[in-house]
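For reference, the structure discussed in these notes is given below.
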There are 2 protein chains.
Amino acid sequence: MKAPRDVPNALLESLKSLGLTKYEALVYIGLLRTAGATATEVHEISGVPRASVYPVLDRLVQKELVSVSHTTPKRFDAVPPDQGVENLMRRIESDARSAREALDVFYREKELEGRGDRELVWTIYGEENIRTRLAGMFGSAERSVEVLATWDILKGSVLPLLESAPDPVPVDIVTERWEGEQPSRFRLHILPLAGLRETRLPTENLLPYEQSGVFLVDNSRALLWMGAVDGQPSALYSESEGLVLFVRRHITTVTEWAKAAVQ
Amino acid sequence: MKAPRDVPNALLESLKSLGLTKYEALVYIGLLRTAGATATEVHEISGVPRASVYPVLDRLVQKELVSVSHTTPKRFDAVPPDQGVENLMRRIESDARSAREALDVFYREKELEGRGDRELVWTIYGEENIRTRLAGMFGSAERSVEVLATWDILKGSVLPLLESAPDPVPVDIVTERWEGEQPSRFRLHILPLAGLRETRLPTENLLPYEQSGVFLVDNSRALLWMGAVDGQPSALYSESEGLVLFVRRHITTVTEWAKAAVQ
DNA sequence: TAAATGTTGTTGCTAATATAACAACAAGGT
DNA sequence: ACCTTGTTGTTATATTAGCAACAACATTTA
């Protein structure tokens, strides 16, 4: 009989987050390695106590991960991984749907009451969240959109979002280089960094980071993309006068430097 | 201050299966209903003990469900439900991917060793699983495919699968009616049930069920679709001589009856 | 200014619950 | 008589939930 050869811990964790317990995972994996095992064999292969194997198998059948024979003793067989994982995901996705709907009810209530976060500075974690916020900012712009960011960030994450800015609103972009054709939709300001290096201007402070940038909309809402600190990128968002003013000045200053350098 | 108004239990369960604990769910929901709450306010709104609120908020930030302000005291805000649920699903889907890959490794090992389930009868639960098995049967057919099933099951689940049968293999279908054009790819045998009713033949035993059918491939592999017993449909699958013979005779008999009735 | 009060954020401990593991046994087959 | 299957109840163990106490700091009051 096969040994209850041990299972990578990462796999157990993954299966747990798909809704299986440790035993369910072990039994399913054990069954994948055999064809039609009895409960006792399942116990031997998976290392799960024999008595626990019965309820576990019941649950796995319920979850559409194993099928049962009609012999006595019963024999069990695993559904192929693709199929099985899909069966699990179906349940989870349906949960996600209903959760989303129920949560929206709560969320809508808040929308009515005005937002009181005008003076606060928020930290946003995760690129997805940052991009969503940026899209919201650009989409609701009424007078101006100003972007000062490294090319990598523009290319990878920001440019598609800028499309959502309303047409009449001017979009200023300051960056250190541009690949591909220069779009007429935006007002581009390229910083000749290579050239600047040779002047005595403090170029290291111009665009000193990889993957960073500042974004200002309507002179009233600012977002600071801080790049990846500990794995996932984070950003600051604020509508406070202070931070907006800071960003306002920062962009102006850099643009002025750029002009000076070109001359 | 808002009351910790209670939360539908189904929602808590859904969020749990997305990987949140009860507290995490309560705090997230509480935050959805406010704009920028301090830890203490979160405690008041969600009903979660104040001391527990801090670690819970940490975890929610980690999971990209809430953002933090930079004030003292810190203020917390929830990301919108759509976004939040999507962030959770991203983790789960990545787990699903890695689990599928890891499981496949185990599964492949078994593929090599010949299948020893020739004499067994398997119960398959869930329409998805049944259809997968049927697709496998049809796809690997070498000499014959025979189908005896009610029209509802054919139309809803089986016909698309039959396309996967190799071209030279003859496909016989026996059913009680046919909507749409009759495909030349299959040999159709329509049972004039309405007419049969008036004879003294035991028509009730011909196609007595809703949503049922039998499938036979190469005279060696049979599947009995048993319809929905307790919610989800189930089926028997077997390569055993006994069951195959039974199905063989069943199909033949019904076909003969049909001929007799037409005459 | 100093004491009183209140709030934030931490730490460590206890209670409740879900999961895991074991022991014992009835039913049936050899 | 023996072995195996399947069931039941009981005991550990881990995770989650809940509580109490406190240091740090800010705000109020005498």
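A, B, ... follow the sequence lines: proteins, then strands. Residue 1 opens every chain.
- Atom CG of A/L12 sits about 11.5 Å away from atom OG of A/S17, to the nearest 0.5 Å.
- In this entry the distance linking CG of B/L12 with P of D/dT16 reads 15 Å, nearest Å.
- Judged purely by distance below 3.5 Å, without hydrogens or angles, the side chains of A/E127 and A/S157 pair a donor atom with an acceptor atom.
- Distance B/H43 NE2 to C/dG6 P: 16 Å, rounded to the nearest Å.
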Restricting to nitrogen or oxygen on both sides, can you table the protein-nucleotides 9-13 of chain C pairs closer than 3.5 Å?
{"unit_1": "C/dG9", "atom_1": "OP1", "unit_2": "B/K74", "atom_2": "N", "d": "3.2"}
{"unit_1": "C/dG9", "atom_1": "N7", "unit_2": "B/R50", "atom_2": "NH1", "d": "2.9"}
{"unit_1": "C/dG9", "atom_1": "O6", "unit_2": "B/R50", "atom_2": "NH2", "d": "2.9"}

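- Distance CD (B/E41) to C1' (C/dG6): 15 Å, rounded to an integer number of Å.
- Computed from coordinates, the A/L57 CG to D/dG6 P distance equals 10 Å when rounded to whole Å.
- Atoms NZ (B/K16) and C1' (D/dT16) sit 9 Å apart, rounded to a whole Å.
- Distance CD (A/E24) to C1' (C/dA18): 12 Å, rounded to an integer number of Å.
- With sequence neighbours excluded, the residues that form a side-chain contact (heavy atoms from CB on, under 4.5 Å) with A/D104 are A/R100, A/Y107, A/R108, B/P81, B/D82.
- As a whole-Å value, the separation of B/E13 CD from C/dT17 P is 14 Å.
- Not counting sequence neighbours, the partners of B/A99 by the side-chain contact (heavy atoms from CB on, under 4.5 Å) test are A/L11, A/S14, A/L15, A/L18.
- Atom OH of B/Y54 sits in a crowded spot, with more than 12 heavy atoms from other residues, nucleotides or ligands closer than 6.0 Å.
- Between the P atom of D/dA14 and the NZ atom of A/K22 lies a distance of 9 Å, rounded to the nearest Å.
- Between A/T21 and the phosphate of C/dA18, there is no side-chain N or O to OP1/OP2 separation shorter than 4.0 Å.
- Between A/E86 and A/R90 there is a salt bridge, with a side-chain nitrogen of the basic residue lying less than 4.0 Å from a carboxylate oxygen of the acidic one.
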